[in-house]
Every structure is written in C-alpha cells, then in structure tokens.
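Worth saying up front: this structure is predicted, and the values here are computed from it rather than measured. Numbering of residues begins at 1 and proceeds along the displayed sequence. Start at 1 and go down the list; that is how both ligands and their atoms are numbered.
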Amino acid sequence: MRHILAGLVLSSTLFACAWAEQPPQIYGVNLGSWLVLEPWMLPQEWLDMGGQSCTESCWTCISTESSFAKAYPDTVDTKFAQHWDTWFTQGDVNTLKAAGINTVRVPLGYWIVEALVDRSHESYPRGGLNYLRRGLGWLKDAGIQAILDHHAAPGVQSPDQMWTGNCTTDVQFYTPYNYHRALVWTAVMTTLSHLDPNFGSVFAIEAANEPIMDAALTPNYGTFQKNFVQVMRAVELTLGISVPSSSLSLSVPASVSNNFTAALNATSSATIFSAEVQAALLEAVPILLDIAAGCGLQTIFEASPFKRSRDSLVANFIDVNWQYDNPSNPADVANGPQAYDNHLYYSFGGVAAADPKSYMTSICNLRRIQADAAVGDSPLWFGEWGLSTQFNATDEFLSEWADAQKLAYSKGAGWIVRNALARQWSYLEGLKLGFLTQDPAAFHDPNVCVPYMNSITDGASS
Ligand SMILES: *[C@@H]1O[C@H](CO)[C@@H](O)[C@H](O)[C@H]1NC(C)=O
Ligand SMILES: *[C@@H]1O[C@H](CO)[C@@H](O)[C@H](O)[C@H]1NC(C)=O
Ligand SMILES: *[C@@H]1O[C@H](CO)[C@@H](O)[C@H](O)[C@H]1NC(C)=O
Ligand SMILES: *[C@@H]1O[C@H](CO)[C@@H](O)[C@H](O)[C@H]1NC(C)=O
C-alpha cells in the first residue's frame, strides 16, 4: 500500500448515540488504488503491469482498469490479482493499527459485483471480491471499521477521470439503466455487509463518489438517492433488523424466514418500496445466490434466524453543497442512520489564492460544516483531503497546514486525507516526515488558526 494512505477523524459526540458500534473517535485512511486502481498513485508499478502514462488526456492511452482489461483480455485477471494481493496486506493493517487508525474508506468499482458488467461492451478485471473479503476480514480482526465507497459507478459518473475506471467524456451514470445497476450493487453490498462474517468491519456504504457538480447534468440523482436508502433498508428489514427512526416496516413470510434469498425475493414484491427498488432487489437474488455458492456462504444465507452481526448501516452521501444548480438534498430521503461526506482539495485551484496565508485564512474560517448542517447534512466528514498545495510548501508550513485542516474538519464529523504519493499526499509518509502527529488526535499547535480567525477572506466557505 506504501504511499496510498489518507486520514480520517470523526468527532465523537455526533455518533455516540446513533451508532453503538463506532468507536468514540474515528481516525482513518482511504485504501486508494487498491480495488479501483489510479495509475498516478503507483506510476512505476502501472508501467510494469503493462499500463501507460498518457501525455494527453487519460482516454488517449492505457490509463484505467477498463482500458487495461481491453488491451490485455487474457492476462488482466492475473495481473490484477497480483496487484490486489500486494497493494494492501496484513502488514499494512498492522501498520495502520500501530498508527492509531481505526477506520478505512474503501473505494470500489461497480465491477466488484461481476454480474453487473455488460461484457458485450465493458471489460474489467475479475476476482476482486475475494480480495475485498480477505482485506475486510483483516480489518475486522484488527478492530478497524470500514466504509464501502461506490467510487466508480456503472456508466461513469464524472468525465475524464481515472478514478471512474473508464476515462471518457461520455458520462452515462445518470440514466435509468445505470442507476438501476448501482441499486443492485447496493443490495448485494448491504447483504454481504450483514451476512458475510468478513464484512463485519463495514459500518457505512457510500452511494456514489463525487457526482458532477452541476446538478443540471445529473438528472434524477435525487430519485437515485431515495432508492439507494430504500434498497439498504429493504435488505435490513428482510434480515429482521429494525431501522432506527425509519418509516418503513416489513414482515417476512414465515415460509421463507429461514432462507435469505427467498426472503429477499418475497420482499421484492413489497409495495412499500418503489417499483425500481423492487426490481433491484429481485435482480440481486440470483447474483447473491452465485456469490453465496462461490464464497461458501450458503449455510449462512440459509440459517434461521439470519445470523446478522450488527444494526443498521449508515447510508453515506456526498453532501448537497458539493453540487450547485438546484441539487437534490440526500437529507430529504433519510430513513435510518445517515452521514455526509465532502472532499476538499486546495491544490486543484478555485478554493483559495495560491499562497500559505490565503490557505490558512481559508481553512481556519471554513463554513462548510455549518452550511451543510443548516440543510440537514449532518454529521459531515471530510472524506478526502490532502496536504498538497499549488506552491512549494516548506516543511514548517506543511505541519501547520495539517494541523489547521484537522482542526477545521474535526469541528464537523471529521476528516479523511486523500492517500497517495510522497510527501504531501500520503498519511504514513506525512507521519514519517512529521507533518502529521503520531497520535491522530493530537496537534503540533492547537492554536495554529488563532492568527487567521475571523478574517474577511473566506474562500473555502460553501
Ligand atoms: C467506457 O465508456 C464508454 C462511454 O460510455 C463506453 O462506450 C465503453 O463501453 C466503456 N468501456 C468500458 C470498458 O466500460
Ligand atoms: C420468487 O417469488 C415468486 C413469488 O413471488 C415465486 O414464484 C418464485 O418462485 C420465487 N423465486 C425464488 C428464486 O425464490
Ligand atoms: C433458498 O432460496 C433460494 C431461492 O432464492 C433457492 O434457490 C434455494 O434452494 C433455497 N434454499 C433452501 C435450502 O431451500
Ligand atoms: C517549486 O520548486 C521547483 C524546484 O525547485 C521549481 O522548479 C518550481 O517552479 C517551483 N514551483 C512553484 C509553483 O514555485
């Protein structure tokens, strides 16, 4: 995993009552480039595998999992098996544990559920699910909990991005066909999270990473959000899990109460759910039967009562203020525990002027948490950020920059550093170089923001 880590801290109070299984303070990292490979995080390994480094836009060469799979149909699965096997290991889990990390965010592609890939025109490596299961099992044994992040959604949710698995300007996620596939994915992941013992570390599922910011380009995204929540809750109600503060209830017919897929099949005709949710549940049934057979989970799927290990999962969304142009608010469709995620990168421009003082003034006066809370998007965590800058930062500045961001994000529900290459991108690298404190809860200088507070400039406010 080397340089891929990012940090996450969630403050305690917001979670204490709702989600009993969560530790009072959460410190985490993204497992970036593991199950959704982004070549810029591992440039040499990517070239060694047979990938390419494009000089132009990422669609001009082999820069994503799909273009790799297309170029190497015969060897893609073995090449990726090797990557999955070595990029994230038991040793990495031990290192994370020793660094005080207790949560990870796991970016996933829709293709982790292989049946969802339309092989007539889509190609992706196969076999990732077993590595995911193994990794989640290690995390569970280490007492580290996980967020499953639907990072690369079917049809691609953002143009020209390697993290979507398919670098293209032809964005097709915001269509009935691909929303549907994402909902089937959600049914499968929710089921595994509750029934597969390896998934015992999972506490949240994120609907879709970083939708297009202009909501005019994401038609019916709000309906998808609503259906996403309903799919999660339908699976949970089928398992006999009561969903706190939910308006939904369901009784599973006794005739199928000892067979999960049969029970889910029955739930798929429950009219409390929309037709689209019903259809997604029904389509998940044969996929789950296949996974159960392949992973040896049949006896668990057919146990009575269903041997689930935890309460309702947290439905996690990118916050409403990520989008503009009249976005739909995920808080409006809450049914059971929900949490929100925002990503803040100064290095891509548009947040603050490119100098240390502007960065500090901006972060020390961040208003995003309040702006989100005002419309119900709370608790909010910062699921991706980093120490990267648009200028050459001194070591001294990077320590202040780390402190100030941690301080700002901890006022909400916490933070997740974007994990990646050396110095300004990697959590462990940041630790080693001393920019980040060994204890994730600590600061070099808890008063680092004092000189910058209440300034006029507030570039990073929502
Ligand atoms: C990538 O996206 C394009 C445009 O939507 C699509 O035609 C193509 O089939 C996709 N490729 C893969 C491998 O999914
Ligand atoms: C699903 O339920 C229908 C009735 O609603 C039943 O006819 C069918 O056999 C069931 N299929 C499975 C796979 O359990
Ligand atoms: C459980 O239900 C599925 C249909 O969803 C069926 O294929 C399977 O045979 C059932 N298992 C048992 C033990 O009845
Ligand atoms: C950062 O430093 C490098 C090497 O010293 C230099 O080439 C580059 O132009 C500098 N970048 C900025 C943004 O100042």
_Rounded to the nearest 0.5 Å, what separates atom CZ in Arg368 from atom CH2 in Trp322?_
8.0 Å
*Would you confirm whether Glu122, through its side chain, and Asp118, through its main-chain N or O, come within 3.5 Å as a donor-acceptor pair?*
yes
_Proximity to ligand 1 by part of Asp170, non-hydrogen separation under 4.0 Å_ = both
*Could you list the atoms of ligand 3 found under 4.0 angstrom from a heavy atom of Ala262?*
2 (O), 5 (O)
For [atom], find the nearest protein heavy atom and state the residue, atom name and distance (0.1 Å precision).
atom	value
atom 2 (O) of ligand 1	Asn166 ND2, 2.4 Å
atom 12 (C) of ligand 2	Asn265 ND2, 3.1 Å
atom 9 (O) of ligand 1	His121 O, 2.8 Å

*Looking only at non-hydrogen atoms, which of Thr261, Asn259, Val256 approaches atom 5 (O) of ligand 3 most closely?*
Thr261
*asked:* Would Ser269 count as being in polar contact with ligand 2, using the rule that some N or O on each side must be under 3.5 angstrom apart?
replied: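 There is no such contact.
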Would you check if the distance from the ring center of [X] to the ring center of [Y] is below 6.0 Å?
X	Y	result
Phe88	Trp84	no
Phe68	Phe80	yes
Trp381	Tyr409	no

*asked:* Is atom 7 (O) of ligand 2 touching the protein, meaning some protein heavy atom lies under 4.0 Å away?
replied: no
*Any idea which atoms of ligand 1 are less than 4.0 Å away from a heavy-atom of Ser123?*
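Here the atoms of ligand 1 in question are 13 (C).
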_Within the 4.0 Å heavy-atom shell around Glu122, which atoms of ligand 1 are there?_
12 (C), 13 (C), 14 (O)
*Does a salt bridge link Arg105 with Glu206, judged by any charged N lying under 4.0 Å from a carboxylate O?*
yes
*Can a donor-acceptor pair be found between the side chains of Thr267 and Thr238 at a distance below 3.5 Å?*
yes
*Does Thr168 come within less than 4.0 angstrom of ligand 1, counting non-hydrogen atoms of the residue?*
yes
